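I have placed the structure first, in the form of structure tokens, so that the comments after it can refer back to it.
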Number of protein chains: 2
Amino acid sequence: MTDIKSGPNPLFLRTDEIMQAIELLFFAYRDFTGEPDELLAQYGFGRAHHRVIHFVGRHPGMTVSELLSILQITKQSLSRVLSQLVAEGFIKQTPGEIDRRQRLLELTEKGLELDEKLFNVQRQRIVKAYKESGAEAVAGFRSVLINMMEESDRPRFAKKTHPPSPRR
Amino acid sequence: MTDIKSGPNPLFLRTDEIMQAIELLFFAYRDFTGEPDELLAQYGFGRAHHRVIHFVGRHPGMTVSELLSILQITKQSLSRVLSQLVAEGFIKQTPGEIDRRQRLLELTEKGLELDEKLFNVQRQRIVKAYKESGAEAVAGFRSVLINMMEESDRPRFAKKTHPPSPRR
DNA sequence: GATTTTATGTCAGTCATGTTGACTTATCTA
DNA sequence: TAGATAAGTCAACATGACTGACATAAAATC
């Protein structure tokens with residue numbers, strides 16, 4: 001039968017522990033994204049815009065391709081939100097100097113402002129959770145999440161080594 | 001100005017630590033939901049169906065109202081996925097004995113099977129992440145996520161008090 | 001120099017999942 | 001009996017994904 005082993009699990013691999021992890025992620029993520037969503041709605045934006053603003057803010061000068069590979073969506077999906085953000089003056093595109101096919105992305109002043117507003121909303125929730133849990137717990141939180149994601153994205157979170165490489 | 005304080009933060013509240021938390025959640029959640037999504041697609045279902053199956057599986061006999069308040073979506077949104085799951089024989093509805101207006105929800109055999117398949121997919125990822133991180137890290141992970149969600153949902157994760165009711 | 005590949009963008013159509021608003025039916029409660 | 005509640009339905013709409021086909025400019029290669 002397709003039974004769930006709940007037998008010889010030394011410590012923390014019981015069925016209900018796993019179940020709890022699933023719900024933990026569901027509720028925490030739901031609430032974590034809830035506040036920014038409200039703020040974004042005031043601009044007529046959604047979560048997709050947030051992700052674009054976030055990653056462009058973090059990696060100014062990144063190309064459209066790089067953004068696509070981080071977000072793992074199609075260029076048609078990205079196009080809608082990105083062109084909206086460009087049209088409304090939150091993101092600026094400049095042709096690459098070396099490769100003039102590329103459009104290097106960066107936030108405008110207006111984009112930086114929204115980025116910061118969004119950041120501050122999320123910052124409060126994280127600071128609260130971190131403070132209430134303590135430094136040791138935070139290390140555990142980081143470790144579990146890093147081990148939960150695909151390996152290809154883990155280098156981004158290396159302790160000393162900064163994220164992959166600025167631009168290209 | 002709307003500057004982000006990065007001044008007197010004793011331990012772990014630096015801007016880039018917060019930023020890392022944001023990305024950690026994004027990447028881990030994206031990959032955590034990716035595998036179940038693929039499995040669900042084989043049934044013509046989506047993530048919304050998964051959530052319904054999960055919570056009905058965890059709380060057999062729950063009412064539609066209870067499900068709505070957990071999922072925090074409108075009944076019209078729920079209706080679409082729920083009636084699909086009922087029509088295709090994954091969920092069974094029986095009128096409440098005390099209050100005959102209620103439709104008590106539970107998984108059918110077919111529903112239980114899918115529930116288990118979905119669980120097993122997620123279980124593997126979680127077990128791997130937990131094992132690679134260790135018991136202490138897991139405690140930290142739980143603590144941070146609990147403190148990140150709204151207080152109203154925290155009782156669900158109380159230490160000793162089992163979640164509402166196990167059974168099944 | 002001509003050809004192919006790459007980076008980006010666009011048009012068109014579809015799907016999944018959320019929303020609001022209005023309304024119905026059955027049943028419980030005051 | 002009147003009103004509130006649990007559940008469901010119809011309709012219209014928004015967002016953010018998807019596929020497929022095609023266009024343009026620039027770089028890379030033959």
Side-chain angles (χ1 to χ4, degrees), chain A residues 26 29-30 33-34 36-56 61-88 91-105 167-168, chain B residues 26 29-30 33-34 36-54 56 61-88 91-106:
Chain A
F26 169 71
Y29 197 78
R30 188 194 62 184
T33 52
D37 284 355
E38 282 173 37
L39 179 54
L40 289 155
Q42 295 171 18
Y43 291 78
F45 293 153
R47 204 173 294 178
H49 301 84
H50 187 178
R51 296 197 278 250
V52 171
I53 287 173
H54 173 89
F55 286 107
V56 173
M62 79 190 307
T63 67
V64 172
S65 294
E66 284 163 353
L67 185 52
L68 281 173
S69 78
I70 286 179
L71 298 179
Q72 288 186 9
I73 57 173
T74 59
K75 64 178 172 179
Q76 295 93 326
S77 294
L78 175 59
S79 171
R80 194 163 28 197
V81 291
L82 182 55
S83 45
Q84 214 179 330
L85 288 166
V86 170
E88 296 183 28
I91 287 184
K92 187 173 59 177
Q93 290 177 307
T94 49
E97 285 188 16
I98 303 146
D99 185 336
R100 296 205 313 274
R101 292 172 302 181
Q102 298 177 334
R103 299 298 149 87
L104 307 186
L105 306 171
R167 236 199 323 150
R168 138 188 228 186
Chain B
F26 169 71
Y29 198 78
R30 188 193 61 184
T33 53
D37 284 355
E38 282 173 36
L39 178 56
L40 289 155
Q42 295 171 18
Y43 291 78
F45 293 153
R47 204 173 294 176
H49 301 83
H50 187 179
R51 296 196 277 249
V52 170
I53 288 173
H54 173 89
V56 172
M62 79 190 307
T63 66
V64 173
S65 294
E66 283 163 353
L67 185 52
L68 282 173
S69 79
I70 286 179
L71 298 178
Q72 289 186 10
I73 57 174
T74 59
K75 64 178 173 180
Q76 295 93 326
S77 293
L78 176 59
S79 171
R80 197 161 26 201
V81 291
L82 183 54
S83 46
Q84 214 179 329
L85 288 166
V86 170
E88 296 182 27
I91 287 185
K92 187 172 60 176
Q93 290 177 308
T94 50
E97 286 188 16
I98 303 147
D99 187 336
R100 298 204 311 275
R101 290 172 303 181
Q102 297 177 334
R103 300 298 149 88
L104 307 186
L105 307 171
E106 62 184 315

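As the structure is a computational prediction, the values presented were derived from the model and not from experiment. Order of the sequence lines sets the chain letters (A, B, ...), proteins ahead of strands, with each chain counted from 1.
- Backbone-only contact: Ile98(B) has heavy atoms under 4.0 Å from sugar-phosphate atoms and none from a base.
- Note that the CG atom of Leu68(B) and the CD atom of Gln76(B) stand 9.0 Å from one another [nearest 0.5 Å].
- Distance CD (Gln102(A)) to P (dG9(C)): 11 Å, rounded to an integer number of Å.
- Closest to the side chain of Arg103(B), out of dG8(D), dG9(C), dA26(D), is dG8(D).
- Residues Leu105(B) and Leu82(B) are in side-chain contact: their nearest non-hydrogen atoms beyond the backbone lie under 4.5 Å apart.
- No contact: Ser83(B) has no heavy atom under 4.0 Å from any strand.
- Under the 30°/60° scheme for interplanar angles, the aromatic rings of His50(A) and His54(A) are found to stand perpendicular.
- An OP1 or OP2 oxygen of dG18(C) is reached within less than 4.0 angstrom by no side-chain nitrogen or oxygen of Thr74(B).
- Ser77(A) comes within 4.0 angstrom of a nucleotide base, judged by non-hydrogen atoms across all strands.
- Distance, Arg47(B) CZ to dC15(C) P: 19 Å, rounded to whole Å.
- In this structure, Tyr43(A) atom OH and dT15(D) atom P are separated by 17 Å, rounded to whole Å.
- Here CD of Gln93(B) is found 10.5 Å from CD of Glu106(B). Values are rounded to the nearest 0.5 Å.
- Here Gln84(B) lies out of heavy-atom contact (under 4.0 Å) with every strand.
- With dA7(D), dA17(D), dG18(C) as the candidates, the nucleotide lying closest to the side chain of Ile73(B) is dG18(C).
- Nearest-nucleotide positions on DNA chain D place Arg101(B) closer to the 5' end than the other of Arg101(B) and Lys75(A).
- Distance Leu68(B) CG to dT17(C) P: 16 Å, rounded to the nearest Å.
- Whole-Å rounding puts the Leu82(A) CG to dT10(C) C1' distance at 13 Å.
- Between the OG1 atom of Thr63(A) and the CZ atom of Arg103(A) there is a distance of 12.0 Å, given to the nearest 0.5 Å.
- A sub-4.0 Å separation between OP1 or OP2 of dA7(D) and a side-chain N or O of Ser65(B) is present.
- Among the heavy atoms of the strands lying under 4.0 Å from Arg80(A) is at least one base atom, whether or not backbone atoms are also near.
- Between His49(B) and dA16(C) there is no side-chain N or O to OP1 or OP2 distance below 4.0 Å.
- With rounding to whole Å, Leu104(B) atom CG is found 16 Å from dG8(D) atom C1'.
- The nearest whole Å value for the distance from the CZ atom in Phe45(A) to the P atom in dA14(D) is 16 Å.
- Residue order along DNA chain D, read from the 5' end via each residue's closest nucleotide, puts Ser79(B) first among Ser79(B) and Gln76(A).
- Using a 4.0 Å heavy-atom criterion, one finds that Glu66(B) contacts no nucleic acid atom at all.
- Protein atom CG of Asp99(B) is 6 Å distant from nucleotide atom P of dT29(C), rounded to whole Å.
- The CG atom of Asp37(B) sits 4.0 Å away from the CZ atom of Arg47(B) when rounded to the nearest 0.5 Å.
- Using a 4.0 Å heavy-atom distance criterion, His50(A) is classed as making no nucleic acid contact.
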